[in-house]
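Keep in mind that this is a model prediction, so the values were computed, not measured.
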Amino acid sequence: MSLSSLSTTPFTDPGMLQGGVREQRAIMNHLLSEGFRSASQSANTDQAARAFSGGNVDNDQTQAEDISQVVVTNNRQQITIQAVQATNANAANFDFNYLQRYIAGANAEDYIAKAGSQIAQDQNGAQDALAKLNDFTGTDSDAENDINQRSDTIQQFDIDLSATVSNTTIANAVGNAFNQARFREIEGSVGDLQAQAVFAHGQRQGSATNPVTQRAIADGGVADNDITQDTGITSANNRVDLIGSFNLSKFEIGDLSPRSTRVLAAMNANPNQIISAVSKSSASQEQNHLMDAGAGEDEGYVVTENNGRAKNTGNASMDNTESTTVNNSVSLLI
């Protein structure tokens, strides 16, 4: 058989041209922007002052604890796919028999922007002052305890997860790929996007099982206890931002060719997926102080009738300030 007798019909019949698949798709899955901090402060002090026969005993202690944490976490993704124009300069001459499939899309799933914090502050103290009798000149015994405790924790979170996709389509002329395709699809799928702020703060100055104790006993003397406790947690101006912007716009001037076109925008198409903005905060505060003062008695609580002055002074304050903004903003434009 000669080559001249072979049929060339499959190569000259426009209806037999198979074309191809043109796909431009952005897939951005499993993006995480997370900040977590754990802070713990503990202050425990015991003081004992015992003055006899006109003695003078002073205890003075100051404790300061400071924690400052600034957390900045950025996860920013940007994808730009330029619009595909004509894929074949002669495609417009195929009279719609060019079997081309055109797909443009974006998939975005499993995003988490999360800020987490655990803060614990624990202060405890014990003071024991005993002033007993006076000296030969009549000078009273003097026992004095002074405790000043301060704990401050400052935290600030700025968590940013940003995903931007620009995947546009041009179909403003017969020769453009989207216009000439026999099967056209524009699809956007978004799911499982979570923005979370979860904070747990605890403060304690003495507890039911271990209270802050002050015991002042004056047996013909002066016994003073003074304790000041101050705890502060400031977790203000926190921001958790999850921002997704997906632009799948098609630009056209003239009419599209009479072909099947499928446009789909799906958010949380899977029932197991979730788009959420969550802000959770738990705070606990506990104070327990025990004061015991006795005048005219000895350390065994036996009355001596020796007069005396016993004084306990306690000052405890707690502050917990928290302000958080959680933003979950997703836009899908087709």
For [Y], is there an ion pair with [X] - N to carboxylate O distance below 4.0 angstrom?
X: Asp224; Y: Arg309; result: yes
X: Glu23; Y: Arg101; result: no
X: Asp230; Y: Arg150; result: no
X: Asp128; Y: Arg215; result: yes

Cation-pi geometry met for Arg184 and Phe178 (6.0 Å, 45°) |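 Yes, a cation-pi geometry.
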Which of these, Thr168, Thr261, Ile334, sits in a side-chain contact (heavy atoms from CB on, under 4.5 Å) with Ile186?
->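 Of the listed options, the one satisfying the test is Ile334.
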Criterion side-chain contact (heavy atoms from CB on, under 4.5 Å) against Gln123, the qualifying member of Arg204, Gln229, Met318 |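 For Gln123, the side-chain contact (heavy atoms from CB on, under 4.5 Å) check succeeds only for Gln229.
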Is there a side chain to side chain donor-acceptor pair (under 3.5 Å) between Thr139 and Asn134 once you walk through the steps?
-> CA-CA 5 Å; Thr139 301; Asn134 47 40; over 6 Å; no
Do [X] and [Y] share a hydrophobic cluster (ILVMFWY, side-chain heavy atoms under 4.5 Å, transitive)?
X: Leu31; Y: Leu193; answer: yes
X: Val57; Y: Val222; answer: no
X: Met28; Y: Leu332; answer: yes
X: Tyr111; Y: Val165; answer: yes
X: Phe246; Y: Ile112; answer: no

[X] (side chain) donor-acceptor with [Y] (main chain) under 3.5 angstrom:
X: Asn307; Y: Gly296; value: no
X: Gln47; Y: Asp146; value: yes
X: Asn328; Y: Ile243; value: no

Can Val240 and Thr325 be said to form a side-chain contact (heavy atoms from CB on, under 4.5 Å), step by step?
-> CA-CA 6 Å; Val240 179; Thr325 299; over 6 Å; no
Sole candidate of Lys114, Arg239, Arg76 that passes salt bridge (charged side-chain N to carboxylate O under 4.0 Å, His left out) when paired with Asp160 =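 Per the salt bridge (charged side-chain N to carboxylate O under 4.0 Å, His left out) rule, the option paired with Asp160 is Arg76, out of Lys114, Arg239, Arg76.
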Just do the side chain to side chain donor-acceptor pair (under 3.5 Å) check on Glu286 and Asn288 with the steps written out, would you?
-> CA-CA 7 Å; Glu286 181 179 6; Asn288 195 334; 5.6 Å; no
Determine whether Gln203 and Ile233 make a side-chain contact, defined as any pair of heavy atoms from C-beta on separated by less than 4.5 Å.
->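 Result yes, sub-4.5 Å side-chain heavy-atom pair found.
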Are side-chain heavy atoms of Arg25 and Asn107 found at a separation under 4.5 Å?
->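 Side chain of Arg25 against side chain of Asn107, heavy atoms only: contact under 4.5 Å found.
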Evaluate the criterion side chain to side chain donor-acceptor pair (under 3.5 Å) for residue pair Glu187 and Ser189; output intermediate values, then yes/no.
-> CA-CA 7 Å; Glu187 178 179 309; Ser189 178; 5.7 Å; no
Only one of Asp152, Thr153, Asp66 clears side-chain hydrogen bond (donor to acceptor under 3.5 Å, both in side chains) with Gln41; which?
->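 Of the listed residues Asp152, Thr153, Asp66, the side-chain hydrogen bond (donor to acceptor under 3.5 Å, both in side chains) partner of Gln41 is Thr153.
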Would you sort out whether Asn225 and Asn145 count as a side chain to side chain donor-acceptor pair (under 3.5 Å), showing the intermediate values?
-> CA-CA 5 Å; Asn225 286 320; Asn145 290 314; 3.0 Å; yes
Taking atom [atom1] of [X] and atom [atom2] of [Y], what is their separation to the nearest 0.5 Å?
X: Gln61; Y: Asp46; atom1: CD; atom2: CG; answer: 9.5 Å
X: Asn167; Y: Gln24; atom1: CG; atom2: CD; answer: 4.5 Å
X: Ser166; Y: Asn247; atom1: OG; atom2: CG; answer: 5.0 Å

